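On a predicted model such as this, the values are computed, not experimentally measured, just so you know.
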Amino acid sequence: MTAQNAIQDAYLYDAVRTPFGKVGGALAKTRPDDLAALVVTESVKRAPKLAAAGASGAEKIDEVVFGNANGAGEENRNVARMATLLAGLPTSIPGTTVNRLCGSSLDAAIIASRQINVGEADVMLIGGVESMSRAPWVLPKTERPFPMHNLELANTTLGWRLINKNMPKEWTVSLGEATEQLREKYGITRERMDEFAANSHQLAAKAWDEGKYDNLTVQVPDVDLTRDETIRPDSTAESLSGLRTVFRKENGMVTAGNSSPMNDGASAAWLGSEKASDILGLQPLARIAGRAAAANEPQYFGYAPVDAVNQAIQRAGITWDDVAAVELNEAFAAQSLACTDAWGVDTSIVNTWGGAIAIGHPLGASGARVLGTLARRLEASGDRWGVAALCIGVGQGIAVVLENVNAR
């Protein structure tokens, strides 16, 4: 590699998201491509030099990379490109959509950071979107024409559908049943699960009340939604303990209360090289210092972040002793606890502004949400190192380590 092609650092400059709506709730009438276009538009507005320069400034955006887990509905024609066009940006800006299920938009950040590292880009807009309310029912094509038997629709909202018969049965259990198996394997109790879930709601409500999300969110026009719709601040471990189990009627522990809900929302973030500061008119918040993806048996998907984070930390050249903040997407309380137990991390540094059990988990948008939240948490605390991570269906995990460039 020549000096001209030396690796350059990738930085996170800003992040924004919509408040997350519940399935069938405030955002259910808003198309996912419109949600994505909103955070694209808002991101440009929040970059002073880019906004002031108009179309000529926007042409300096090298690419838009968005995550989306469904891709079967209104977002089907490469939602990153559609959002760019709907936002009125120049047609010369390319866009690509990434699908790593729940980790899609964090994967978008990883892909963009690599382009920056090798000098192929200076300004990248990343993000993700999901409308689980508007995910369509699909009708598979028949193997022969004019079938005489009944045909079954498949719901594309979440989880396995149109399963290949060659896939082992133990891999294709529901996400909830997989979590039941995971908590059995690692000895996670119902009491801990409900306490973790209640804490998520209380911390999220407190963070909103204290204005911590004011700079991280943009309101959706003509929608009455000022904060995340699924937060229940009055939740307690005692109240959650009375909920019935969802996936196992006997000997089950996973409930709607200690699981993330289904949601609608979009998120975005600016990534760039050092040159991006002059282009955007923003100062960097954090450096992308380490990244990794890992995989294990599909039914233990919830545990995959363990190895992903450990690898990312090692690649960043630090240890767990250096980590001051963790943003772990709470797909389920049981899997979150299994991960934090494995890391031996002090849970007081995990999701201190609430997590997905309260905030919500619109699949494609969650990665950029945890990354942006982590950056702002580090900014607020002055701490140097933090980790963002998500578990991913079909047995994967993904993680990014951020270094606060303004650490005290």
May I ask you to say whether R248 pairs ionically with E184, meaning some side-chain N is under 4.0 Å from a carboxylate O?
-> yes
Check the side chains of R244 and T255 for a donor-acceptor pair under 3.5 angstrom, ignoring hydrogens and angles.
-> no
Does any non-hydrogen side-chain atom of V254 lie less than 4.5 Å from one of V246?
-> no
Report, as yes or no, whether the 6.0 Å neighbourhood of atom CG on N251 holds more than 12 heavy atoms from other residues, nucleotides or ligands.
-> no
Could you walk me through whether I357 and F196 pass the side-chain contact (heavy atoms from CB on, under 4.5 Å) check?
-> CA-CA 9 Å; I357 288 174; F196 182 92; 4.0 Å; yes
Distance-only side-chain donor-acceptor flag, S241 / D194, under 3.5 Å = no
Which atom pair, heavy atoms only, marks the closest approach of S113 to L271?
-> N-CD1, 4.2 Å
Distance, nearest 0.5 Å, that separates CG of N70 from CD of E75 = 5.0 Å
Step by step, would you call D264 with T30 a side-chain contact (heavy atoms from CB on, under 4.5 Å)?
-> CA-CA 9 Å; D264 309 326; T30 307; over 6 Å; no
Hey, what do you get for CG (L337) to OG1 (T189), rounding to the nearest 0.5 Å?
-> 8.0 Å
Could you point out which residue of L125, D62, V64 forms a side-chain contact (heavy atoms from CB on, under 4.5 Å) with I93?
-> V64
Backbone of G272 reached by a side-chain donor or acceptor of D122 within 3.5 Å | no
Within the side chain of E229, is there an N or O that forms a donor-acceptor pair under 3.5 Å with the backbone of K22?
-> yes
Closest approach of G127 to S105 (non-hydrogen atoms, all atoms of both residues) = O-CB, 3.2 Å
Would you check if the side chain of D341 reaches a backbone N or O of A338 as a donor-acceptor pair within less than 3.5 Å?
-> no
Under 6.0 Å from the CD atom of E152, do we count more than 12 heavy atoms belonging to anything else shown?
-> no
Verify, without hydrogens or angle tests, whether N258 (side chain) and M253 (backbone) share a donor-acceptor contact under 3.5 angstrom.
-> yes
Donor-acceptor pair, Y13 side chain versus S273 backbone, under 3.5 Å?
-> yes
Say whether, by atom type as modelled, one donor and one acceptor occur between the side chain of T319 and the main chain of D321 under 3.5 angstrom.
-> yes
Residue pair Y11 / L402, side-chain heavy-atom distance below 4.5 Å | no
Can you find a pair of side-chain heavy atoms, one from W208 and one from T217, that are under 4.5 Å apart?
-> yes
Using a cut-off of 6.0 Å, state whether more than 12 heavy atoms not belonging to Q219 lie near its atom CD.
-> yes
Salt bridge flag under 4.0 Å for residues K29 and D222 = no
Result for side-chain hydrogen bond (donor to acceptor under 3.5 Å, both in side chains) between H361 and one of S259, S260, S366 points to S366
Donor-acceptor under 3.5 Å (D307 side chain, A304 main chain) = no
Relative to Y186, does R183 satisfy both conditions: NZ or CZ under 6.0 angstrom from the six-membered ring centre, and within 45 degrees of the ring's axis?
-> no
Inter-residue atom distance L175.CG - Q335.CD, 0.5 Å rounding = 10.5 Å
V370/T373 under side-chain contact (heavy atoms from CB on, under 4.5 Å): CA gap, chis, key distance, verdict = CA-CA 5 Å; V370 298; T373 303; 5.7 Å; no
Report yes or no: does T156 contribute a side-chain atom to a donor-acceptor pair with the main-chain N or O of W137 at less than 3.5 Å?
-> no
Other residues, nucleotides, ligands: >12 heavy atoms within 6.0 Å of E195 CD = no
K49 and I279, any side-chain heavy atoms less than 4.5 Å apart | no
Exercise: do W320 and N310 side chains pair donor with acceptor under 3.5 Å | yes
Presence of salt bridge, E379 and R376, under 4.0 angstrom = yes
Salt-bridge test for R134 and D33: reply yes if a basic N is under 4.0 Å from a carboxylate O, no otherwise.
-> no
Closest non-hydrogen contact found for L162 with A154 is CD2-CB, 4.1 Å
So which heavy atom on V79 is nearest to which on A36, and how close?
-> CG2-CB, 4.3 Å
With the threshold set at 4.0 Å, does a side-chain nitrogen-carboxylate oxygen contact exist between R369 and D228?
-> no
Dump the intermediate steps for side-chain contact (heavy atoms from CB on, under 4.5 Å) on Q181 and E177, then the final yes or no.
-> CA-CA 6 Å; Q181 293 180 24; E177 171 57 27; 3.1 Å; yes
Do E327 and V387 come close enough that some side-chain heavy atom pair is under 4.5 Å?
-> no
The single option from Q396, R291, R100 passing side-chain hydrogen bond (donor to acceptor under 3.5 Å, both in side chains) against D107 = R100
For atom CH2 of W171, decide whether the heavy atoms of other residues, nucleotides or ligands shown that lie under 6.0 angstrom number more than 12.
-> no
Say you draw a straight line from CZ of F332 to CG of L182; how long is it, rounded to the nearest 0.5 Å?
-> 10.0 Å
Return yes when atom CG of D224 has more than 12 non-hydrogen atoms of other residues, nucleotides or ligands closer than 6.0 Å, and no otherwise.
-> no
Minimal heavy-atom distance between F20 and I359, with the atoms involved, is CB-O, 3.5 Å
Hey, does P48 have a side-chain heavy atom less than 4.5 Å from the side chain of L282?
-> yes
Beyond-backbone contact of L27 with V220, side-chain heavy atoms, under 4.5 angstrom = yes
Between the side chains of N68 and S104, is a donor N or O closer than 3.5 angstrom to an acceptor N or O?
-> no
Take atom NZ of K185 as the centre, draw a 6.0 Å sphere, and report whether it contains more than 12 heavy atoms from other residues, nucleotides or ligands.
-> yes
Sub-3.5 Å donor-acceptor pair from the side chain of W353 to the main-chain atoms of K212, do we have one?
-> no
Measuring from I398:CD1 to C391:SG, what's the distance to the nearest 0.5 Å?
-> 11.5 Å
Would you confirm whether T340, through its side chain, and T347, through its main-chain N or O, come within 3.5 Å as a donor-acceptor pair?
-> no
Drop me the distance from L280's CG to L50's CG, to the nearest 0.5 angstrom.
-> 6.0 Å
When every non-hydrogen atom of V323 is compared with those of V326, the smallest separation belongs to CG1-CG2, 3.9 Å
Pairwise side-chain contact, N199 with S235, heavy-atom cut-off 4.5 Å (strictly under) | no
Would R227 and D209 count as a salt bridge (charged side-chain N to carboxylate O under 4.0 Å, His left out) if you check the C-alpha gap in whole Å, the side-chain angles of each, and the deciding distance to 0.1 Å?
-> CA-CA 10 Å; R227 61 171 61 187; D209 290 343; 3.0 Å; yes
